[in-house]
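Worksheet: one structure, shown below.
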Amino acid sequence: MNFIELLNDQQKRELEQQWEVLSYGVSSIIPEQEFKQKIAKSIKNQQPLKVKLGLDPTAPDVHLGHTVVLNKLKQFQNFGHTIQLIIGDFTGKIGDPTGKTATRTALTDEEVKHNARTYFEQFGKVMDMEKVELHYNSKWLSQVDFSEVLKLASTVTVARMLERNDFHNRYEANKPIYLHEFFYPVMQGYDSYALSSDVELGGTDQEFNVLFGRQIQEHYGQEKQVVLLMPLIEGLDGVEKMSKSKNNYIGVEESPRDIFGKTMSIPDEQILKYFQLVSPLTIDEVNEVKQQMEKGALHPRDAKMMLASALVAMLHGKKAAEESKADFENVFQKNQIPEDMPEVVWDGNQTVAIVDLVKELGLLPSKSEARRMIKNGGIRVNQEKVPDPATILEVKDGLVLQVGKRKFIRLRLSSS
RNA sequence: GGAGGGAUAGCGAAGUUGGCCAAACGCGGCGGACUGUAAAUCCGCUCCCAUCGGGUUCGUAGGUUCGAGUCCUACUCCCUCCA
């Protein structure tokens with residue numbers, strides 16, 4: 001049935017609107033026409049789409065790379081669609097077949113719960129968690145019996161499984177692939193069936209997995225979900241994809257100052273991509289930025305300032321955005337010290353070798369490191385460079401200690 | 001089960017006629033200068049303590065030696081080939 005034809009003019013405009021926003025920035029929509037039909041159907045029947053996102057139950061550390069998907073979910077939410085978050089507590093027991101982590105220690109129920117809560121808190125910075133459905137896939141997966149598993153397994157050939165990049169590579173390299181790993185995509189697909197998902201989101205690296213849902217749903221005679229693959233965003237280096245292990249990420253939990261500073265360090269070529277994929281700006285606003293930059297009317301640095309402010313505002317609020325911006329200008333453009341900085345009470349000896357002080361405060365891991373730092377001119381006391389590693393300091397209340405470019409501490413004496 | 005190869009600082013990787021090895025080089029990390037940024041570029045640093053200098057390091061445990069990352073023995077782990 002063609003739902004698009006059933007729509008009246010107003011509904012068609014609604015469809016166009018949703019399509020423009022929802023398809024924006026997406027790497028691929030599989031298949032496009034089905035997606036359009038789904039939206040049309042949802043408008044016609046006034047039935048929100050069920051949009052699924054599967055989550056790994058391991059300790060979450062949400063960074064901007066994830067928010068690419070979250071922003072998209074938010075857009076779905078804005079159109080009234082329903083978000084289904086799935087905590088893969090059952091799947092997690094198998095371990096994601098990335099090759100690296102073939103064996104993964106099973107998480108306890110408490111750990112899973114805790115991690116789920118963390119997801120909730122961190123995701124809440126980007127989208128509205130009130131309206132989100134939360135599911136644990138052990139609920140249904142633990143109920144599936146072996147004969148059912150066999151039936152499912154009989155719908156997939158090994159050759160098809162081996163198409164998956166990771167499996168393919170390991171097979172070629174004579175690296176082990178355990179049988180149970182084949183079930184990872186199957187189970188993930190089963191989740192889609194269990195929740196009758198209409199749409200599933202994932203990064204482009206998840207293509208094989210999320211596509212599997214369609215196959216499982218078809219097996220059960222269910223309408224197949226549409227898959228939206230989101231681009232992976234490059235990290236601070238502008239080359240590798242953003243990830244925790246590459247240490248090139250901006251975490252949503254980081255301080256406003258760090259988020260601002262890190263954003264300022266992305267290469268110019270990445271600016272637009274960040275605007276498009278992780279900023280909360282509308283399409284029109286992003287296009288405006290793009291035009292201004294192309295005309296040369298907007299300095300890349302200023303564009304980045306805007307971006308950094310927008311990101312901090314999204315994650316920490318408007319006030320924090322203004323403050324971190326002011327701090328950044330102070331510290332890096334005017335070479336001043338920030339407005340406010342962490343204060344630490346010093347209850348040690350008032351007369352102390354600078355190397356000891358710095359180490360005691362945990363600013364540097366060892367005294368050798370401190371000496372080195374001083375030799376390189378990297379330590380300042382009240383904005384004055386410390387010239388000699390042997391310097392003995394008279395600690396005074398309010399003394400400002402700077403280590404490197406961006407570690408600042410104000411010392412307070414315990415007596416005051 | 002049999003044969004061989006290897007384990008070096010955060011990673012990768014030199015070093016095997018025993019001393020000149022705290023250990024080349026690359027990456028990463030850090031600092032400085034510079035700049036529009038924490039970008040790019042250039043320079044410096046990168047085990048610990050220390051003023052000279054010293055102390056612990058090269059899979060683990062022993063041994064040979066004035067002296068071992070470099071030689072010997074045992075152990076652990078990893079890889080390759082054969083069955």
Side-chain angles (χ1 to χ4, degrees), chain A residues 63-64 99-100 102-103 170 172-176 233-251 254-275 279 289 292-293 296-312 321 324-338 341 352-381 383-392 401-409:
Chain A
H63 56 64
L64 279 187
K100 297 189 268 195
T103 47
R170 274 199 275 164
E172 288 292 309
N174 285 316
K175 294 255 169 64
I233 195 167
E234 285 78 12
L236 303 180
D237 49 61
V239 182
E240 304 261 26
K241 78 165 183 175
M242 186 177 283
S243 79
K244 197 186 174 193
S245 54
K246 296 264 164 44
N247 195 25
N248 62 354
Y249 68 101
I250 301 175
E254 290 189 76
S255 71
R257 196 174 293 159
D258 283 341
I259 294 172
F260 199 99
K262 283 186 173 184
T263 304
M264 289 307 287
S265 81
I266 63 171
D268 292 357
E269 305 78 64
Q270 298 294 330
I271 297 176
L272 260 182
K273 193 166 181 185
Y274 272 58
F275 264 117
S279 82
V289 170
Q292 293 296 319
M293 279 213 299
L298 181 62
H299 194 292
R301 177 205 52 216
D302 296 328
K304 254 197 280 195
M305 290 284 234
M306 280 173 63
L307 176 64
S309 293
L311 292 180
V312 176
S324 56
K325 182 171 184 228
D327 269 349
F328 185 86
E329 286 168 345
N330 262 333
V331 176
F332 296 108
Q333 295 184 337
K334 299 183 195 143
N335 243 318
Q336 306 273 299
I337 56 176
M341 61 187 87
V352 62
I354 182 107
V355 288
D356 287 318
L357 180 68
V358 166
K359 194 200 159 193
E360 284 300 313
L361 292 170
L363 293 169
L364 290 173
S366 73
K367 291 207 258 174
S368 293
E369 185 71 37
R371 264 182 266 274
R372 227 175 276 135
M373 201 65 140
I374 292 168
K375 236 186 285 172
N376 289 331
I379 294 186
R380 286 162 199 261
V381 170
Q383 305 201 59
E384 294 283 323
K385 258 188 203 177
V386 176
D388 180 10
T391 302
I392 306 290
L401 200 58
Q402 178 181 2
V403 176
K405 250 175 257 188
R406 50 205 138 101
K407 264 194 251 176
F408 295 90
I409 268 191

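Reminder, nothing fancy here: chain letters follow the sequence lines and each chain counts from 1. Since we're looking at a predicted model, the values are computed, not measured.
Shown here, B:U57 forms no base pair; nothing in the strands shown gives a Watson-Crick or G-U wobble contact with both key distances under 3.5 Å. For B:U41, the paired nucleotide is B:A33, the pair qualifying as Watson-Crick or G-U wobble because both relevant distances are below 3.5 Å. Taking a pair to require two hydrogen-bonding distances under 3.5 Å in either a Watson-Crick or a G-U wobble arrangement, B:U80 pairs with B:A3. B:A13: no Watson-Crick or G-U partner with both key distances under 3.5 Å is found in any strand. Base-pair partner of B:A68: not found among the strands shown (Watson-Crick or G-U wobble, both distances under 3.5 Å).
Between the CE atom of A:Met306 and the C1' atom of B:G36 there is a distance of 16 Å, given to the nearest Å. Rounded to whole Å, atom C1' of B:A38 lies 9 Å from atom NZ of A:Lys304. Summarising the geometry, the separation between CZ on A:Phe408 and P on B:A38 is reported as 11 Å, rounded to the nearest angstrom. Residue A:Tyr274 contributes atom OH, which lies 14 Å from atom P of B:A39 at whole-angstrom precision. Per the geometry, CD belonging to A:Glu269 stands 10 Å off P belonging to B:A40, to the nearest Å. Atom CG of A:Asp327 is separated from atom P of B:A38 by 14 Å (rounded to the nearest Å). Between the CZ atom of A:Phe328 and the C1' atom of B:A39 there is a distance of 11 Å, given to the nearest Å. Rounded to an integer number of Å, the gap from NZ of A:Lys375 to C1' of B:C43 is 15 Å.
Using P as the reference atom, B:G29 and B:G10 are 16 Å apart when rounded to the nearest Å. Across B:G63 and B:G18, the matching C1' atoms stand 15 Å from one another, rounded to whole Å. For the P atoms, the distance from B:C20 to B:G67 is 14 Å, rounded to whole Å. Using atom P as the reference point in both B:C72 and B:U46, the two lie 34 Å apart (nearest Å). B:C43 and B:G6 are spaced 38 Å apart, taking the P atom of each and rounding to whole Å. A distance of about 14 Å separates the C1' atoms of B:G28 and B:A13, rounded to the whole Å. Look at the C1' atom in both B:A74 and B:G31: the space between them is 47 Å, to the nearest Å. Comparing the same atom, C1', in B:C21 and in B:A9 gives a spacing of 13 Å after rounding to whole Å.
A:Asp237 comes within 4.0 angstrom of no nucleic acid atom, judged by non-hydrogen atoms across all strands. Residue-level contact check: A:Lys385 touches the backbone only, with heavy atoms under 4.0 Å from sugar-phosphate atoms and none from bases.
Using a distance-only test at 3.5 Å, with no hydrogens or angles considered, no donor-acceptor pair links the side chain of A:Lys325 to the main chain of A:Met305. Of the possible polar contacts, none joining the A:Asp237 side chain to the A:Asn248 backbone as a donor-acceptor pair under 3.5 Å is found. Without hydrogens or angle criteria, A:Asp388 side chain to A:Ala390 main chain gives a donor-acceptor distance under 3.5 Å. Of the possible donor and acceptor atoms, none in the side chain of A:Lys359 sits under 3.5 Å from a partner among the backbone N and O of A:Pro365. No side-chain donor-acceptor contact under 3.5 Å links A:Glu360 to the backbone of A:Gly362.
Qualifying side-chain hydrogen bond (donor to acceptor under 3.5 Å, both in side chains) partners for A:Arg380, counting only residues two or more places apart in sequence or in other chains: none.
Within the 4.0 Å cut-off from OP1 or OP2 of B:A39, not a single side-chain nitrogen or oxygen of A:Ser265 is found. One finds no side-chain N or O of A:Lys367 lying less than 4.0 angstrom from the OP1 or OP2 phosphate oxygen of B:C47.
Of all nucleotides listed (B:G32, B:G36, B:C48), B:G36 comes nearest to the side chain of A:His299. Distance from the side chain of A:Arg372 is smallest for B:C48 among the nucleotides B:A33, B:C48, B:G36. Residue A:Lys359 has its side chain nearest to B:C49 when only B:A38, B:C49, B:G36 are considered.
Between A:Lys262 and A:Ala390, the residue whose closest nucleotide on RNA chain B is further toward the 5' end is A:Lys262. Along RNA chain B, the nucleotide closest to A:Ser366 and the one closest to A:Ile266 are compared, and the more 5′ of them pairs with A:Ile266.
Counting all heavy atoms, side chain and backbone alike, A:Ile271 lies closest to A:Pro300 at CD1-O, 3.7 Å.
Seen from the ring of A:Phe275, A:Lys304 does not count as a face-on cation partner, given the 6.0 Å and 45° thresholds.
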Is there any protein nitrogen or oxygen under 3.5 Å from a nitrogen or oxygen in nucleotides 23-31 of chain B, and what are the pairs?
residue, atom, partner, partner atom, Å
B:G31, O2', A:Asn376, O, 3.1

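For CD of A:Glu384, the number of neighbouring non-hydrogen atoms (other residues, nucleotides, ligands) closer than 6.0 Å is 12 at most.
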